[in-house]
Novice: 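Please see the structure below; I have some questions.
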There are 2 protein chains.
Amino acid sequence: MSSNELIKIFLSEDVGAPAYKVVRALAERGSASAIELSRHTGLAKSTMSALVAELKDASVIIEPEPSKDARASSRGRPAVQLSLNPQAGTSVGVLPGPDFIGIALVDAAHGIRDERSVEIKPNYSVDQGVEAVAELVQQAYAATGLQRETLLGVGLAMPGPFNHRTGVMLRSTLLPNWVDLDIGAHFAKRFDVPVIADNESNCAAIAEMTWGAALGQQDFLYAKFDEGVGGAVIVDGRVLRGALGAAGEIGHFMVDPDGPLCTCGSRGCLEAMMRWDAIVRPARALFGENITFPQIAGRAQEGDPGCVRLISDAAAAAGRALAGICAVLNPPLIVVGGRYVLAGEVFLRAMQESFDRHFHIRDQTDGGSVTPIVAGTFSNNRDSTLGAVGLVLREKPFTRSA
Amino acid sequence: MSSNELIKIFLSEDVGAPAYKVVRALAERGSASAIELSRHTGLAKSTMSALVAELKDASVIIEPEPSKDARASSRGRPAVQLSLNPQAGTSVGVLPGPDFIGIALVDAAHGIRDERSVEIKPNYSVDQGVEAVAELVQQAYAATGLQRETLLGVGLAMPGPFNHRTGVMLRSTLLPNWVDLDIGAHFAKRFDVPVIADNESNCAAIAEMTWGAALGQQDFLYAKFDEGVGGAVIVDGRVLRGALGAAGEIGHFMVDPDGPLCTCGSRGCLEAMMRWDAIVRPARALFGENITFPQIAGRAQEGDPGCVRLISDAAAAAGRALAGICAVLNPPLIVVGGRYVLAGEVFLRAMQESFDRHFHIRDQTDGGSVTPIVAGTFSNNRDSTLGAVGLVLREKPFTRSA
DNA sequence: ATCATTTAGTTCTAGGGTGAACTATTAACG
DNA sequence: CGTTAATAGTTCACCCTAGAACTAAATGAT
């Protein structure tokens, strides 16, 4: 019946078409006024006016309830917010974990509609993963009452080094059976929509940019300190991928030439100094064999001196690494995610102090730091699944499976 | 008489106009065919066809002699190369050195028409510098027979930390009297065209991208190892500036936390380990008080063991730093400039080896390195003046002095 | 209250850019 | 040496986009 103009435009190849630009701009932002859209797309507001009317008629965009939030920004006629029709477009984000699979279902207006996960036997194959995802997706649509036909694309957050351009995982301890395969092709067997994949850290950065602490930021450095260490570089609102898709891999940034050996074969990589194992091992000598990293982080926040020291030493290394990176990138903001953040200020403050000591620009105009470091808003796993959704909403797929 | 359409379009505010896009695209590239222009500007080739005809009539663009170079790229009708009319548009690049001022005069077709310099008393003021530049520019136009009225803009390569956005030098040992001033405004008193400034390293990268070793490269890391250490990050054909214009400052990348103290107040900065002084000082103990860095570099190339060691130790530090930077940026190419390159393979090979040992991605598809490091084509000073010209040809000025 | 000011959005027409179909010019292939 | 395929460039009618001038809706000052 309804031919769903939204999907048609969203998946169109005609990148230059005004409708495409507007739909994509709204998919990225969630909502925006006509005048903002006209500025961001470069189209005249007269064009926007006509186009918005047309897209409203076609149920591609809607005017969401103005809500009660303080719209009193400036004077003048208030702008009417627009968003894509959440009934007409939905996206799925997937995190294939080592022993679980998590997904998120988000509508085109950035409404997070469903998040669920299922356990799965380790060392599962790609096809087993695809089946599990298909099952979860069906459940999610059933639970929300959304139409499966409105699916715009599937995003994948890959837990390991992944080449976004070639679509191939380079290596992975978590998903050994997913290496060197065309993962998109496997998903295409079950999903007739574009499948877009990127590494977990890049996804996490996108999640923070779309819903979290980096909302509206066009340039920032994202750092994820979790079991491993990863990151992402956002330039001009886009994820920097690099020649081999390895941009943002701050885990293998060398902090100390004589530091511990890293899995990559170098010495003193940030990851070698910060990975959970490097923290948990010495902690066990003091607190027994069963202590876990989150517990250490928690005890650090409560003030336990040994745990504070372990966390703050790691934070010092992190701050030093970030200072080196910022000497080259000089971003206006650093967003930090991963479960190190569970240690709270113990971790963040030590990192900021170390950063400020090692960053070569110390002149600060006002009170604050030259490069503020803020904690991300998303917990682990959520950042990945939601970021994978963001992948669908932001990245143009190379090929289209009509 | 001739109203000079080229200048009118080049300096127009109407950034969306097709003619503007075409002129700017040609200014960047030097020459291009109609179909390339249509691809790069996003305009239809029908539009391009009409526009090119119109611009030819107005003497804005010309068809340069096909020259004899192998055009046999592929089959099909060969593309006709186009370039801006070199008679109608010229740019000047300026390097205000500590005790000299150098300029380059380049036409709109990327023809390097004149390069000259003059000595000047150290600690000169901005206004004294402006006068000297004005004199040099007049000489250059007189010598080439080009029209001074065709000047499209003046580019400045600032030897020191410079904020491209605010147009202010932060500090400088070479030009102490240029700090904290609106340098563009001083030049505007003598030149009624846009004045665009950036730091020397960024300019050098632009020179390599426009004429040199990075010709046609859209993404690369530029590193300059000279008296000091600087660099630039090129993403998608644009210079990354960063929040405070400090992006690319690889000199203050920390290599060794216990290394020598740096002028910036940190320890073990790459610059602290590589600046000429750090090389020349130990060399003097062996070779006498009068030895200079270029001599050391030369002796290293000739195989003198002591000089080889000094240079290759520095190269090892450089390779380590570049590996750390590339862990985050993962560029497909590194271009190296500055007078360390005078040591030739002694320097470059040691750097590449150190890089390969410390870079975490070692899988190499073919024989070559994952991240090739190549020497830039321009000698010192030339890279700056020519890059400053590139600034004029590539960057859109914020304000226009009609 | 009223009016000036500011910002958002609409209307309408002229003209400019586009796509489709065309011609032009080359290399590769038998 | 013609044919085929591939790429570059041209023509032209039509529709879409932009700009000017307008209305609409808010704030804040008098």
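Here the structure is a predicted model, which means the values were calculated and not measured. Each chain gets a letter, A, B and so on, in the order its sequence line appears, and its residues count up from 1.
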Novice: Quick one: which of C:dT6, D:dA8, C:dG19 gets closest to the side chain of B:Ile35?
Specialist: D:dA8
Novice: Using the closest heavy atom to pick a nucleotide of DNA chain D for each, name whichever of A:Gly76 or B:Ser33 lands nearer the 5' end.
Specialist: B:Ser33
Novice: Quick check: does any side chain N or O of B:Asp236 sit under 3.5 Å from a backbone N or O of B:Arg238, one acting as donor and the other as acceptor?
Specialist: no
Novice: Ignoring the backbone of B:Ala34, work out which of D:dG9, D:dA26, C:dT18 is nearest its side chain.
Specialist: D:dG9
Novice: Between atom CG in B:Leu51 and atom C1' in D:dG9, what is the gap in whole Å?
Specialist: 14 Å
Novice: Would you indicate which nucleotide in D:dA8, C:dG17, D:dA6 comes nearest to any side-chain atom of B:Pro18?
Specialist: C:dG17
Novice: Confirm from the modelled atom types if A:Arg77 and C:dA8 form a donor-acceptor pair under 3.5 Å, side chain to base only.
Specialist: yes
Novice: More 5' along DNA chain C: A:Gln81 or B:Gly42, using each one's nearest nucleotide?
Specialist: A:Gln81
Novice: With the threshold set at 4.0 Å, does a side-chain nitrogen-carboxylate oxygen contact exist between A:Arg39 and A:Glu36?
Specialist: no
Novice: Tell me whether the side-chain N or O atoms of B:Ser46 pair up with the base of C:dG19 as donor and acceptor below 3.5 Å, since no angle test is needed here.
Specialist: yes
Novice: Please determine whether a side-chain nitrogen or oxygen atom of A:Thr47 lies at a distance below 4.0 Å from atom OP1 or OP2 of D:dT17.
Specialist: no
Novice: By nearest atom, which of the nucleotides C:dA8, C:dT11, D:dT17 is closest to the A:Ala79 side chain?
Specialist: C:dA8
Novice: Calculate the interatomic distance between A:Glu13 atom CD and C:dG19 atom P; express it in whole Å.
Specialist: 14 Å
Novice: Can you check the B:Asp14 CG to D:dT17 P distance for me, whole Å?
Specialist: 17 Å
Novice: Is there a donor-acceptor pair closer than 3.5 Å between any side-chain N or O of B:Ser33 and the backbone N or O of B:Val80?
Specialist: no
Novice: Looking at D:dT17, C:dT18, C:dA27, which one has an atom nearest to any side-chain atom of B:Leu43?
Specialist: C:dT18
Novice: Between D:dT4 atom C1' and B:Arg75 atom CZ, what is the distance in whole Å?
Specialist: 9 Å
Novice: Expressed as a whole number of angstroms, how long is the span from B:Met48:CE to D:dT11:C1'?
Specialist: 17 Å
Novice: Would you confirm whether A:Asn4, through its side chain, and A:Ala88, through its main-chain N or O, come within 3.5 Å as a donor-acceptor pair?
Specialist: yes
Novice: What is the distance, rounded to the nearest whole Å, between atom CG of B:Leu55 and atom C1' of C:dG16?
Specialist: 15 Å
Novice: Would you mind telling me which of C:dG9, D:dG9, D:dA18 lies closest to the side-chain atoms of B:Val80?
Specialist: D:dG9
Novice: Take the protein atom NZ of A:Lys45 and the nucleotide atom P of D:dA24, then report the distance between them rounded to whole Å.
Specialist: 14 Å
Novice: If I take atom NZ in residue B:Lys56 and atom C1' in nucleotide D:dT10, what distance separates them, rounded to the nearest angstrom?
Specialist: 12 Å
Novice: Could you tell me whether a side-chain N or O of A:Arg29 sits under 3.5 Å from a main-chain N or O of A:Ala25, the two making a donor and an acceptor?
Specialist: yes
